[in-house]
Amino acid sequence: MGLNSKIIFHLMGLLLLCNGFFMILAAVVSGVYNDGATLDITLAAVVTMLVGVLAMFYTRNHKKEVKRKEGYIIVTFGWLVMSASGMLPYLFSGSIPDVTNAFFETISGYTTTGASVVDDIEALPEGILLWRSLTHWIGGMGIIVLAIAILPLLGIGGMQLFAAEAPGPSGDKLHPRITDTAKRLWLIYFSYTVAETLLLKLAGMSFFDAVNHSLATLSTGGFSTKNASMAYWNDQPMIQYIVILFMFLAGSNFVLSYYAFKGKVQKVIMDEEFKFYSIFIFCFTIVASLVVYFQANVPVSDFHPMVLGEWESAFRHTLFQVVSVITTTGFVTADFTSWTPFLTIFFFGLFFLGGSAGSTAGGIKVMRHLLIIKNGLLEFKRTLHTNAIIPVRYNNKTVPENIVYNIIAFFVLYMLLFIIGSLVLGALGLDFESAVGGAASSLGNVGPALGTLNPLVNFNSLPALGKWWCGFLMLLGRLELFTVLILLSPYFWKRT
């Protein structure tokens, strides 16, 4: 059986139409602000939608069946097609005239990484700034639907654990309820975005900044409209606390948000991943804030202490950075790499944690860490009781062996790709700290890194090949590794 190529091209056309629609929104905002980029963004939208319409028209007589092979291709090429078309507003407006930089900025947006190559963000037209934020928002929601509804059907992602409970399909029911799942998740995602926008506006942000930062927060992306990122509002703690709250929500499983809105709060409280996700953030914040308060190289007074004094300031900044890095949002209120060597290593370790499965966060994910640790500890029992069958349990249910193997394979592959990623960046001339930081940040979709890629600078200093490589790592990390790598294997393309 050959590939159903028509359905692939048809869906690519549909994605291009969606992309073009969001470009029109950016063009309207550009016109309202009269920023000079309206025609350029409109042209990008027209070109994108025209290609989309043609692709859908010529493949209108397609089989409506998506098999597993087509699924992998649609997911990976979907992100690439969105990124290729998404860079047109940058190129046409001259905001980012170089193709390499424009593609890096775009794929960083759609993968919700948030690493930027723009030296002066505040000089960009408002329409382009909104487009940057929209690439985050589109990519973030795409990931939610992908993680909850699509990846379990492809047998990857670890979300099979939630398949029976999620407000969507189980592993063997492919079609009818995926649409319902997507609608409910979109509604939650959209509602959170509106709520944060209103709260940020009430707290003192301009409406334009509030919209952009809400789009970037809920997608755990991290693109800001300010060169200083969230440090621009260091003298307005309430704004930063609001962003912390919504980063936390965006980094938790959206299925749990669904349960909470349905009144099933007990399900949220009893969820193992959510408990450990919350505990990790609490413990890491206490440790880091104590180090910042007593040992940081930067005077705590530089954090613009407000009513509660220096301790509140130290706590707020460390809480912000811990939540931002764990959820892979990438907003910054300070350069955490300048605090102490201990905290630099500490935050580097958090690059590998990630948020919850079924969230917009990148990284390895808390659930995978939990199951790897549980399985590792059970190996002691299995060593003593060689004939006993001792399964891994999660949320009081036995985890099938194939999921445990999948997660262990994911972890090994992730670390191997991190090492290869670091070696490539090192070969391109980056120093050790920058190479390992850049690879970990790109693969984990974090945003800020270490060394010459620290939170105070951007990725513009990377050589052109380094930008393409980091873009590839972003895509790998965002699509759970296997989705992309399987396309590079020869046997995938053999006719079966």
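Keep in mind the model is a prediction, meaning the values are calculated, not measured. Because only heavy atoms are used, hydrogens play no part in the values below, and waters and symmetry mates are left out as well, while side chains stay in.
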Residue pair Leu130 / Leu215, side-chain heavy-atom distance below 4.5 Å: yes

Side-chain touch Thr327/Phe246, heavy atoms, less than 4.5 angstrom: no

More than 12 heavy atoms of other groups within 6.0 Å of Ile389 CD1: no

Stepwise side-chain hydrogen bond (donor to acceptor under 3.5 Å, both in side chains) test for Tyr192 and Ser257: CA-CA 10 Å; Tyr192 277 159; Ser257 287; 2.8 Å; yes

From Leu453 atom CG to Leu425 atom CG, the distance as rounded to the nearest 0.5 Å: 8.0 Å

Main-chain N/O of Val332 paired to Ser229 side chain as donor or acceptor, under 3.5 Å: yes

Heavy atoms of other groups near Phe276 CZ, more than 12 under 6.0 Å: no

Residue pair Thr337 / Asn454, side-chain donor-acceptor N/O under 3.5 Å: no

Side-chain donor-acceptor contact under 3.5 Å, Thr360 with Thr220: yes

Side chain to side chain contact (heavy atoms under 4.5 Å, CB included) assessment of Ser324 paired with Met247: CA-CA 7 Å; Ser324 180; Met247 285 194 295; 3.9 Å; yes

Non-hydrogen side-chain atoms of Trp131 and Leu134 separated by less than 4.5 Å: yes

Step-by-step side-chain hydrogen bond (donor to acceptor under 3.5 Å, both in side chains) determination, Asp209 to Thr225: CA-CA 7 Å; Asp209 287 336; Thr225 55; 2.8 Å; yes

Whether Phe254 and Tyr189 hold their rings parallel, tilted or perpendicular, with breakpoints at 30° and 60°: tilted

Reported CD1-to-OG1 distance for the pair Ile8 and Thr59, which is rounded to 0.5 angstrom: 10.5 Å

From Ser422 atom OG to Leu430 atom CG, the distance as rounded to the nearest 0.5 Å: 10.0 Å

Pair Asn395-Asp271, side-chain donor/acceptor within less than 3.5 Å: yes

Main-chain N/O of Ala361 paired with Ser359 side-chain donor or acceptor, under 3.5 Å: yes

Pairwise distance OG(Ser434) to CG(Leu450) - rounded to 0.5 angstrom: 7.5 Å

Donor on one side chain, acceptor on other, Asn375 and Arg382, under 3.5 Å: yes

Residue list, side chain to side chain donor-acceptor pair (under 3.5 Å) with Ser85, at least two apart or on another chain: Asn19

Rounded distance (nearest 0.5 Å) linking atom CE of Met205 with atom CG of Leu200: 5.0 Å

Aromatic Phe223 / basic Arg132 pairing, under 6.0 angstrom, 45° off normal: yes

Close side-chain approach of Ile107 and Thr113, heavy atoms under 4.5 Å: no

Validation row, ring centre Trp233 to ring centre His213 under 6.0 Å: yes

Backbone of Gly362 reached by a side-chain donor or acceptor of Thr328 within 3.5 Å: yes

Test item: Ser442 side-chain N/O and Ala439 main-chain N/O as donor-acceptor pair under 3.5 Å: no

Residue pair Thr333 / His317, side-chain donor-acceptor N/O under 3.5 Å: yes

Sub-4.5 Å side-chain heavy-atom contact between Ser356 and Lys365: no

Ring centre gap for Trp468 and Phe103 strictly below 6.0 Å: yes

From CA spacing to verdict: side chain to side chain contact (heavy atoms under 4.5 Å, CB included), Ile281, Leu319: CA-CA 8 Å; Ile281 288 174; Leu319 174 63; 4.2 Å; yes

Ring geometry between Trp469 and Phe472 (parallel below 30°, tilted from 30 to 60°, perpendicular above 60°): tilted

Heavy-atom donor-acceptor pair, Thr344 side chain to Thr340 backbone, under 3.5 Å: yes

Evaluation steps, ring-ring contact (aromatic ring centres under 6.0 Å, His included), between Phe248 and Tyr277: CA-CA 9 Å; Phe248 177 84; Tyr277 169 66; 5.0 Å; yes

Parallel, tilted or perpendicular: rings of Phe284 and Phe280 (30°, 60°): parallel

Thr112 backbone acceptor or donor facing Asn445 side chain under 3.5 Å: no

Flag side-chain contact, heavy atom, 4.5 Å: Tyr394 against Met367: yes

Which residues share a ring pair (Phe, Tyr, Trp, His ring centres under 6.0 Å) with Phe320, sequence neighbours left out: none

Ser441 OG to Phe459 CZ distance, which is reported to the nearest 0.5 Å: 4.5 Å

Min side-chain heavy-atom separation Trp137-Ser214 under 4.5 Å: no

Gln240: partners by side chain to side chain donor-acceptor pair (under 3.5 Å), with sequence neighbours left out: Asn234, Arg316

4.5 Å side-chain heavy-atom contact, Val287 and Thr318: no

Phe418/Phe352 aromatic ring centres below 6.0 Å: yes

Basic-acidic side-chain contact under 4.0 Å: Glu379, Lys374: no

Ile73/Leu487 under side chain to side chain contact (heavy atoms under 4.5 Å, CB included): CA gap, chis, key distance, verdict: CA-CA 7 Å; Ile73 295 170; Leu487 300 185; 3.9 Å; yes

Phe104 six-ring centre to Lys467 NZ/CZ under 6.0 Å and within 45° of normal: no

Charged N-O contact under 4.0 Å between Glu480 and Arg368: yes

Stepwise side chain to side chain contact (heavy atoms under 4.5 Å, CB included) test for Met141 and Phe190: CA-CA 9 Å; Met141 191 60 246; Phe190 180 77; over 6 Å; no

